[in-house]
Visitor: 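This is the structure I want to talk about, given as structure tokens.
Just so you know, these numbers use all the heavy atoms, side chains as well, and skip hydrogens, waters and symmetry mates.
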Amino acid sequence: MGKSKNRVVKPKRRDKPPRQKDVEEEKEEEEVEDSEDADDESTSEPGSDEDATSSEEEYDFPFRLAMYDFNQCDPKRCSGRKLLRADLITEVKLGQRFPGLVLSPTGKYTLAPRDRPFVEQHGLCVVDCSWKEVERTPLHKVKAPEHRLLPYLVAANSVNYGKPCHLTCAEAMAAGLYILGFREAAHRLMKPFTWGEHFIELNKELLELYAACNTPEEVIKAQNEYLERIDKEREEHSRDIDLPPSSSEEEETEEEDE
């Protein structure tokens, strides 16, 4: 018999212990999971928080907003220029015709809520010029089918703060939007300005009174009633204040006592 060869029997291979994942691999898997979660969220139904945030950032004004610019203001402080840079309004060249309603010193009637349908269809425009140069400004270059005045309001801008009717073109535009019933558009327009929201709050009572009217006559009536009430309140307040006697009054009192 031949020599038998010793057969080497290899031991069965045992399962290797699970390999520990590198930190980089774990990060890659986490990124994949996050991207999958993001895809799931993107397919969420409208009305979610994400939709609400995007709708706030992407706001479309209900109609065209524009401005005639006479280049009389400091470009760095001009509210109209700031609105142009923010792409919130467009510019109409002097002499060109604007198809909608213009808030202008040449208006014969006061803006009223009944103007809303016309503005919705054709747009709203303001005139940017210096209050000091109004009388010498060639306003005949502002061409539009409808011109309107604004009722009594108080400025909140840093230049003319507290002055009645001395509004910037941004304040005038926001006031016009509010009176016509476009309150959200008015707030959106004022966002680029630190004093923008304060202008609306400062004139809130008046703006609500005007917005509740219909015709220019009703707006003027509401304006006059408000001013009369304010005057009466000031008179009553001044009567209630006990002012200290002046030095001359004190001397007269001492002489009488002697």
Side-chain angles (χ1 to χ4, degrees), residues 56-94 98 100-107 110-113 115-116 119-120 122-134 137 139 141-142 144 146-208 210-211 219:
E56 288 181 1
E57 296 175 353
E58 300 174 0
Y59 178 79
D60 293 328
F61 287 93
F63 42 80
R64 181 188 177 190
L65 303 178
M67 174 187 74
Y68 283 98
D69 189 4
F70 283 92
N71 296 311
Q72 296 174 349
C73 304
D74 182 357
K76 295 181 180 179
R77 305 178 69 177
C78 178
S79 64
R81 298 281 184 88
K82 192 166 186 176
L83 293 176
L84 283 173
R85 291 193 295 269
D87 292 328
L88 298 179
I89 65 174
T90 60
E91 184 177 0
V92 184
K93 300 297 181 182
L94 297 177
F98 181 72
L101 185 148
V102 178
L103 298 174
S104 168
T106 60
T110 302
L111 183 72
D115 293 314
R116 174 173 174 142
V119 172
E120 275 187 303
H122 302 288
L124 182 66
C125 185
V126 292
V127 176
D128 189 358
C129 64
S130 172
W131 282 104
K132 298 178 181 179
E133 302 291 334
V134 170
T137 301
L139 293 172
K141 293 184 178 181
V142 177
E146 298 293 340
H147 294 249
R148 293 289 186 272
L149 298 166
L150 281 174
Y152 177 91
L153 293 165
V154 179
N157 63 82
S158 57
V159 177
N160 294 312
Y161 185 87
K163 291 184 179 180
C165 304
H166 278 59
L167 311 183
T168 62
C169 60
E171 289 172 315
M173 179 77 77
L177 290 169
Y178 203 105
I179 292 171
L180 295 174
F182 301 99
R183 291 172 175 81
E184 183 178 2
H187 285 281
R188 295 281 182 167
L189 192 77
M190 289 285 95
K191 278 194 171 184
F193 308 97
T194 55
W195 43 263
E197 196 64 29
H198 181 59
F199 167 74
I200 296 177
E201 291 301 321
L202 184 65
N203 295 280
K204 187 70 174 290
E205 182 179 357
L206 279 169
L207 291 170
E208 289 292 345
Y210 300 150
V219 171

Visitor: List the residues meeting side chain to side chain donor-acceptor pair (under 3.5 Å) with D115, not counting sequence neighbours, and say none if there are none.
Guide: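 Result, side chain to side chain donor-acceptor pair (under 3.5 Å) vs D115: R148.
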Visitor: My understanding is that only residues two or more places apart in sequence, or in another chain, count here; which of them pass ring pair (Phe, Tyr, Trp, His ring centres under 6.0 Å) with H198?
Guide: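 Y161.
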Visitor: What salt bridge (Lys or Arg N to Asp or Glu O under 4.0 Å) pairs are there with at least one residue in residues 149-159, not counting sequence neighbours?
Guide: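 Found none.
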Visitor: Do you know the tightest heavy-atom contact between L206 and L153?
Guide: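 Smallest interatomic distance, heavy atoms only, reads CB-CD2, 4.1 Å.
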Visitor: Tell me which one of V102, L65, I89 satisfies side chain to side chain contact (heavy atoms under 4.5 Å, CB included) with C125.
Guide: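 Per the side chain to side chain contact (heavy atoms under 4.5 Å, CB included) rule, the option paired with C125 is V102, out of V102, L65, I89.
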Visitor: With heavy-atom distances below 4.5 Å as the criterion, would you say the side chains of R81 and R85 are in contact?
Guide: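 Yes, at least one pair of side-chain atoms sits under 4.5 Å.
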Visitor: Any side-chain heavy atom of L103 sitting closer than 4.5 Å to one from L124?
Guide: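 Result yes, sub-4.5 Å side-chain heavy-atom pair found.
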Visitor: Please list, one pair per line, the donor and acceptor atoms closer than 3.5 Å that link side chains of residues 171-185 to other protein atoms, with sequence neighbours excluded.
Guide:
| unit_1 | atom_1 | unit_2 | atom_2 | d |
| --- | --- | --- | --- | --- |
| E171 | OE1 | N157 | ND2 | 2.8 |
| E171 | OE1 | T168 | N | 2.8 |
| E171 | OE1 | T168 | OG1 | 3.3 |
| E171 | OE2 | A156 | N | 2.8 |
| E171 | OE2 | N157 | N | 3.1 |
| Y178 | OH | E208 | OE2 | 2.5 |
| R183 | NE | E208 | OE2 | 3.4 |
| R183 | NH2 | E208 | OE1 | 3.1 |

Visitor: Has N203 got a side-chain atom pairing as donor or acceptor with V154's backbone, closer than 3.5 angstrom?
Guide: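 Indeed, once roles are kept as given, a pair shorter than 3.5 Å links the two residues.
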Visitor: Between D69 and K93, is the closest basic N to carboxylate O distance under 4.0 Å?
Guide: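 No salt bridge links K93 with D69.
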Visitor: Compare all side-chain heavy atoms of L150 with those of T110 and state whether any distance is below 4.5 angstrom.
Guide: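 Result no, sub-4.5 Å side-chain heavy-atom pair not found.
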Visitor: Are the side chains of M67 and V92 in contact, using a 4.5 Å heavy-atom criterion?
Guide: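 When only atoms from C-beta onward are counted, M67 and V92 do not touch, as no gap falls below 4.5 Å.
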Visitor: Does the side chain of V126 reach to within under 4.5 Å of the side chain of Y68, using non-hydrogen atoms?
Guide: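 Result no, sub-4.5 Å side-chain heavy-atom pair not found.
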Visitor: Report the residues that fulfil side chain to side chain donor-acceptor pair (under 3.5 Å) with S104, sequence neighbours left out, ordered by chain and then residue number.
Guide: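 Side chain to side chain donor-acceptor pair (under 3.5 Å) list for S104, sorted by chain: T106.
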Visitor: If you compare all heavy atoms of V127 against all heavy atoms of C169, which two are closest, and at what distance to 0.1 Å?
Guide: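 It is O-CB, 4.2 Å.
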Visitor: Just how far is it from atom NZ of K204 to atom CG of L202, taken to the nearest 0.5 Å?
Guide: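 Taking NZ in K204 and CG in L202, the distance rounds to 12.0 Å.
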Visitor: Could you state the interatomic distance from CE (M190) to CD1 (I200), rounded to the nearest 0.5 Å?
Guide: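 The CE atom of M190 sits 6.5 Å away from the CD1 atom of I200.
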Visitor: What pairs with R116 under side chain to side chain donor-acceptor pair (under 3.5 Å), at least two apart in sequence or on another chain?
Guide: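 Partners of R116 by the side chain to side chain donor-acceptor pair (under 3.5 Å) criterion come out as none, since no residue qualifies.
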Visitor: Would you please indicate if the ring centroids of Y59 and F61 are separated by under 6.0 Å?
Guide: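 Aromatic pair counts; centres sit under 6.0 Å.
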Visitor: Go through the steps for H122 and F98 under the test side-chain contact (heavy atoms from CB on, under 4.5 Å), then give the verdict.
Guide: CA-CA 9 Å; H122 302 288; F98 181 72; over 6 Å; no
Visitor: Name all residues meeting the ring pair (Phe, Tyr, Trp, His ring centres under 6.0 Å) criterion together with H147; count only those two or more places apart in sequence or in a different chain, and write none if there are none.
Guide: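 So H147 forms no ring pair (Phe, Tyr, Trp, His ring centres under 6.0 Å) with any residue.
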Visitor: Quick one: ring pair (Phe, Tyr, Trp, His ring centres under 6.0 Å) partners of F193, sequence neighbours excluded?
Guide: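 Partners of F193 under the ring pair (Phe, Tyr, Trp, His ring centres under 6.0 Å) test: W195.
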Visitor: For a quick test of reading the model, state the closest non-hydrogen atom pair linking P113 to A211 and the distance between them.
Guide: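 Scanning both residues completely, I find the closest heavy atoms to be CG-O, 3.7 Å.
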Visitor: For P192 versus L83, what's the shortest heavy-atom pair and its separation?
Guide: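 Closest approach of P192 to L83: CG-CD2, 4.5 Å.
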Visitor: Grab the two heavy atoms, one from P105 and one from L149, that are nearest each other, plus how far apart they are.
Guide: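 Scanning both residues, the minimum pair turns out to be O-CD2, 3.7 Å.
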Visitor: For E201, what residues pass the side chain to side chain donor-acceptor pair (under 3.5 Å) criterion, not counting sequence neighbours?
Guide: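 For E201, no residue satisfies side chain to side chain donor-acceptor pair (under 3.5 Å) once neighbours in sequence are set aside.
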